[in-house]
Structures are given as structure tokens and as C-alpha cells.
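Taking it in order: structure first as C-alpha cells, then the write-up.
Throughout, protein chains are lettered first and strands after them, A, B, ... in sequence-line order, and every chain is numbered starting at 1. What you are looking at is a predicted structure, and each value in this text was computed from that prediction instead of being measured.
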Protein chains: 2
Amino acid sequence: MTTIKDVAKLAEVSVATVSRVLNKNGYVHSETEKRVAYAIKQLNYKPNDVARSLFKGRSKMIALLVPDIMNPFFPELARAVEDMTKQHNFTFVLCNTDDDIDKEMAYLDALKQKSVDGIIIVSSTISADNISGMGTPIVALDRILSSSLSSVTVNNYVGAKEAVQHLKAIGCKRIAHISGPENVSNAKQRLKGYLEEVQDEEWFLPSYIEQGEYHFEDAKEATKKLLTTHRDIDGLFVANDLMGVGALKAAESLGIKVPEELSIIAFDGISLGETTSPALTTMAQPIYQAGAKAAEIIIEQIENQHSFVTNEEFSVKLVERQSTKFGRSSL
Amino acid sequence: MTTIKDVAKLAEVSVATVSRVLNKNGYVHSETEKRVAYAIKQLNYKPNDVARSLFKGRSKMIALLVPDIMNPFFPELARAVEDMTKQHNFTFVLCNTDDDIDKEMAYLDALKQKSVDGIIIVSSTISADNISGMGTPIVALDRILSSSLSSVTVNNYVGAKEAVQHLKAIGCKRIAHISGPENVSNAKQRLKGYLEEVQDEEWFLPSYIEQGEYHFEDAKEATKKLLTTHRDIDGLFVANDLMGVGALKAAESLGIKVPEELSIIAFDGISLGETTSPALTTMAQPIYQAGAKAAEIIIEQIENQHSFVTNEEFSVKLVERQSTKFGRSSL
DNA sequence: ATGAAAGCGCTAACAG
DNA sequence: CTGTTAGCGCTTTCAT
């Protein structure tokens, strides 16, 4: 491995001078600089990041912790964070936590020991205590962890209301909800939005709500149960797209036609929703923008050494595909 | 930040002794050990990995480079690598390359500068020259890069043949192929397997092969083109599942019923194929096993400092779902 | 404009 | 069994 010493020797200067040209700071004669640059090229020298990190206490790394890398929502989000971090010359590290507090803490520890500069985290189990005194900038993404932490989210409550309003608008008379995990802030907000829209309807029953994890299979089972007990449901708002395709499958297996007999709308706007038949109507989040924004915030905090709490909330947008159909009121 | 010195001071020993109990090597009196352990707990001390890495020249990190994190195949693969590396106390780093040689080289450089211990790479652009003299163990996964490199793959050729044989067995008379990128080794093998099965059939035409990237949209377009020019095709072998769902969508948009009028079989066995209607028949790879095996190999190479070339090839298995249907011969 | 030297936190001889 | 010390490769005062 070639080190700064080798370069110094070849260029016949001290290591300090090499370091100066490497970091473009301090004075160095243009002649000397040329010699050093030449030596660097000659030896194909690359500075050792580890040594640099040790001295600086910083590593030029940013990590993203996500609960489930197999849910396509998170790769899309990760993609955005990756692009933005790379653009600012940070190395991007993606960590999968299974929404398991132990894994999360293990990662947080490991990352701290590696002098990671900033952490973006999607979590529902971490509390403010867990991260106080980390000494590393942290921003919450997709889910709110604590009011003392910067966050980037979408307006889940309003989006959920709009989803239900859409179902009403196309003529649905009995609207049910497959909700997400109760400990996840965005699932709670989506449920709240749903409730706000339906709780005063005379047809509403608490059993119109079926809960599941943010997984395909879970949603399939939940939907089957729901549709079996309530054959009169003609509209379904599902907490996210991954569950939405599960709901689609469940309806199919029960011989219920979507959208003719049942309209389904979900939430997220991931591309998975475009691959199904019928394609899934959804409240689309600006996923890429959200990820990019989180990255921007963390980079800002890192580079300016501050920690103002910023809370960014994007809004979601109805994307009509084939799983909802206008004119149902004529049934 | 609390360092080894703080612990030494509190325990009233030298830093060497603290280091000894930390690494459980060398002799240390059990009394002293207790004092040190107590001090460590007291201060909640965690050794600084950066300093450790600098000294050792190793970082306890393993990286996986994948071409497209948005293709669900890779998160599944990543999941396996992650589990296995974590199990051996390595930190796992996932990098997205877009199959772009510049990004790949940039990552390889960055990872080397961070003293990453081993790299698992899924690539079709990297050549042996690019990685010779990296000094870091590398293993190729999913795609073969060079005969001098350890690799973990599946038997694409045989799998492809079996896929076509399945279509024949259920009575397909005109079997076409949507192939993957021509520079990707597994796509080439799958194409070869297809050709081997069909080239001597009297109905075979070169235009029964349509090529595309490993993407949903690409496959959709390719399939539309294929099915529009050849209305007599009744069997379709698609290079991977992501493209397979694209093909499904294309057939739907042309009003061609799957599997009644057209049987479709793809390759990979990712869970995406279970979410569509009809669900996708596929040649399933042991994705998790392959990822885990690649991780095992790299860990072996790291821990035993050797670099025997190992080539592991798994076989694939037919998973019949709804996009292929028996009894087509009676048409 | 340049070099010498201290030190980031840790480990591994070496000496006792 | 324990402490002293020399680095790992780099950056940054502090001299000159």
C-alpha cells in the first residue's frame, strides 16, 4: 500500500507538503505542487480514509437505517438518499433493521464506533432516550420518532382522508380499512384520517378495520377475513401499497372483482403498484424528494455543525389507476 | 468521547491491560480483569473502530455491490449476505452501481480506502484487470466476471432449457424468448438454453427473440412488439421475473389471455412473481442460499488469508404458478 | 513556502 | 502478569 510517505519521498518534500496539496490548504509553491501532483499520479496514491477519519473524528459516511429492505418502498427511498449523499462525496451505508430495537441499537453503536457522520433513520421502536447523547446528527424519515429530532414525512392524515373521499366520490357506500402496525406513526395517522371520514356514517362499524403488519401476506389474510365477514364492503383503503397488492390478491382469491365489485386504494406510490392487474390506485408520496430532503438536512447539519430541528412535511397526490372505478354509485 | 485511556485511568492500570481484556488475549489477573470490566461498564466505553482499523489495516466491513437496488431480486440477495455477515460480526455495506463501470470503480476505490475486508460484487462491466491488485478478497455473485475469481451462480443454461421444456410439455407450439442484456453472463446462458431447445424446431425464427434490459418497462415494450408481430406465439420464456411481470402486463394490454392463450414462464423466483394476477410461473433460484454462500466464501477468505478460487453453482427449480397451464395441447 | 513533530485511539512487541 | 513504547497514515500547529 502506498502512503503519503512514499509520495513525499518521490517528490522530495515533507509529508506535510503532500498533505497540503492533497487538501488544497496552506501555502505551497506551484512548482512544488506540480512535483507532488506528479508523484501522486505516478504512484497512483490514494489517501487512507481510515487514518484521516481517526484524526478528524469524522468519516465522510452517512447511514440510512430502514426496517425492511424487501419492501420496495425502502429501496426507492434509499436510492434517493444514495444519490444525494454521493453528490456530496459521502459514502452511503444502507442498514436493515427488521424494526427490531436490538438490531437498531447494534447498528447505532457500530456506526458510532466507525465515526459515521450522520444517520437517517426510519424506525418505530427507537425512542428519544436511545439516541440522546449519540453525538451524531440524526434525522427521522417517513416516521416521526421524537419532537426533538429533525424529520421528513408526508401528510399521512390528509392523504388518508383524500383516499377515502375518493372512494366516496366514485360512489362507494361501505368503506373499510386495512391498517398498518399500531406502533408506526404513519399508520396511526392514516387510520385517523380514515376514521375522521367514516366514523359518523351510519353504516360504519369498528369491524370495518382490520389490522396487519406492513407485509404482503399479512394484508392478504387480513383482507380475506374482512371481506368474508362483510360481503357488503365496496370500498377499501389499505395502509400501504405492499399491503394493497395483498388486498388485491385476497379479493381475487375470493372471486370478488376489482374494481367492478370492490374499489381498492392504497398509499405510497411505489412502482410495485403498476405491475399488478388491475394496477393499484394510490395516494402517491414524493418518495424520491423525501429521501433527498432527508439527506440534504443531514448534510447541512454535518457541514455546519449545528442541529436546528427541521420538520419537513410533503403532501401526497392521488394517482388513479385501475383498482378504483368511477360510476359505482349507479350499482 | 471516552477512550481506552479513560478506562485505564479509572481501573488504575495501563492501556495495554485494558486492550488485553478487550481482546481477550495475553495474560491478565482475574482481579485486574474485573476492575477493568467494571470501569468499561461504568464509562459505557466502546472501542473506537477507526483506530482499530488503522492499526490492523482491516475494518470488519464487507461490501456488496449490486447493479440495481430497485430490482427486488437484489434486496433478497442482500438480505442473505447481510444476515451471514452480521452473524460473523462484520458490518455490512450495500452499494448500488447502476451497472455503471465508473460508479463501480469509484466504489471499489472508496471501499479500499476504508480498508473494507471483502467485497461481493454483482457486475457485468467489471473486468479482471479492473480488480487485479486490489489486495482485497472479491467474489462474484450471480454473474461471472473472470475465471480467476471465486463465484457463486446458478445453472442458468440448464434452468433455461427446463423452462422451455416445461412450455413444450404443457403443449406450447410456438415458443418465444424475451432475453436480458447481452453483456450479462446469466442472460447469455439463459438465451443459450432457450436456443438449444428451439433452434431445430421447424417453426423457429430468430425474430422469436426480443431483447431488453432487466427492467419492467423494457420488457413490456419488447413483449408488445413481439406479440404484435407474431400473433401465433403461445409460449414465452422471459429472462427474469421483473421482465416477466412486464410481459404479463404487455399481454394484458394486447388483450391476450394468460395462461389461456399464452403461457409465460420467467426466471429468478422473487416474491414479486407471487403478487401478480396471474401469478408468475418461474425457474426459482435459491436466492438466499446463493447470497449466504457468497458471504461464507468471502468470510473464509478473509479469516484464513487465502484466496483459493471457489466456484459454486446452484441449480434452479420449476415453480408452477398461474401463468402457465397444462392441457394447452388440446387447443 | 516548507519541515519537524505531536497526536488521533488502539494494538503488539518487548521488557521486566 | 503488567507497563512502556513504537507505530498504523494522516493532519495540523509551530517553527523557521
Fill in: pair A:Thr153-A:Arg143: side-chain heavy atoms closer than 4.5 Å
no

Worksheet, complete the sentence: When rounded to whole Å, the CG to P distance for the pair B:Leu54 and D:dC10 reads 9 Å

Fill in: Integer-rounded Å distance: C:dG9 P and B:Ile40 CD1
16 Å

Worksheet item: So, does A:Asn304 use its side chain to make a donor-acceptor pair with the main chain of A:His306 at under 3.5 Å?
Response: no

Fill in: Those residues that, when tested against B:Glu296, pass salt bridge (charged side-chain N to carboxylate O under 4.0 Å, His left out) (two or more places apart)
B:Lys293

Fill in: Gap between atoms OH and C1', on A:Tyr27 and D:dC14 respectively (whole Å)
16 Å

Worksheet item: For A:Ser53, which contact category applies under a 4.0 Å heavy-atom criterion: base, sugar-phosphate, or nothing?
Response: nothing

Discussion item. Looking at D:dT2, I'd like to know if its phosphate oxygens (OP1 or OP2) sit under 4.0 Å from a side-chain N or O belonging to B:Thr17.
Written reply: no

Discussion item. Using whole Å, what does the distance between atom C1' of nucleotide C:dT2 and atom CD of A:Glu12 come to?
Written reply: 14 Å

Worksheet item: For A:Val50, which contact category applies under a 4.0 Å heavy-atom criterion: base, sugar-phosphate, or nothing?
Response: nothing

Fill in: Interatomic distance where NE2 belongs to A:His29 and P belongs to D:dT16 [whole Å]
23 Å

Worksheet item: Of the options A:Gln42, A:Arg35, A:Lys41, which is the one that meets A:Tyr38 in a side chain to side chain donor-acceptor pair (under 3.5 Å)?
Response: A:Gln42

Worksheet item: In Å, rounded to the nearest 0.5 Å, how long is the span from OG of B:Ser19 to CG of B:Asn25?
Response: 6.5 Å

Worksheet item: For B:Lys103, which residues count as a salt bridge (charged side-chain N to carboxylate O under 4.0 Å, His left out) partner, sequence neighbours excluded?
Response: B:Asp98

Worksheet item: In whole Å, what is the span from the NZ atom of A:Lys34 to the P atom of C:dT2?
Response: 13 Å

Polar atoms only, N or O, under 3.5 Å: list the protein pairs with nucleotides 10-13 of chain C and their distances.
unit_1: C:dC10; atom_1: OP1; unit_2: B:Tyr45; atom_2: OH; d: 2.4
unit_1: C:dC10; atom_1: OP1; unit_2: B:Asn48; atom_2: N; d: 3.0
unit_1: C:dC10; atom_1: OP2; unit_2: B:Ile4; atom_2: N; d: 2.4
unit_1: C:dT11; atom_1: OP1; unit_2: B:Asn23; atom_2: OD1; d: 3.3
unit_1: C:dT11; atom_1: OP1; unit_2: B:Asn23; atom_2: ND2; d: 3.3
unit_1: C:dT11; atom_1: OP1; unit_2: B:Arg52; atom_2: NE; d: 2.7
unit_1: C:dT11; atom_1: OP1; unit_2: B:Arg52; atom_2: NH2; d: 3.2
unit_1: C:dT11; atom_1: OP2; unit_2: B:Ser19; atom_2: OG; d: 3.0

Discussion item. How many whole angstroms separate atom NZ of B:Lys114 from atom C1' of D:dG9?
Written reply: 14 Å

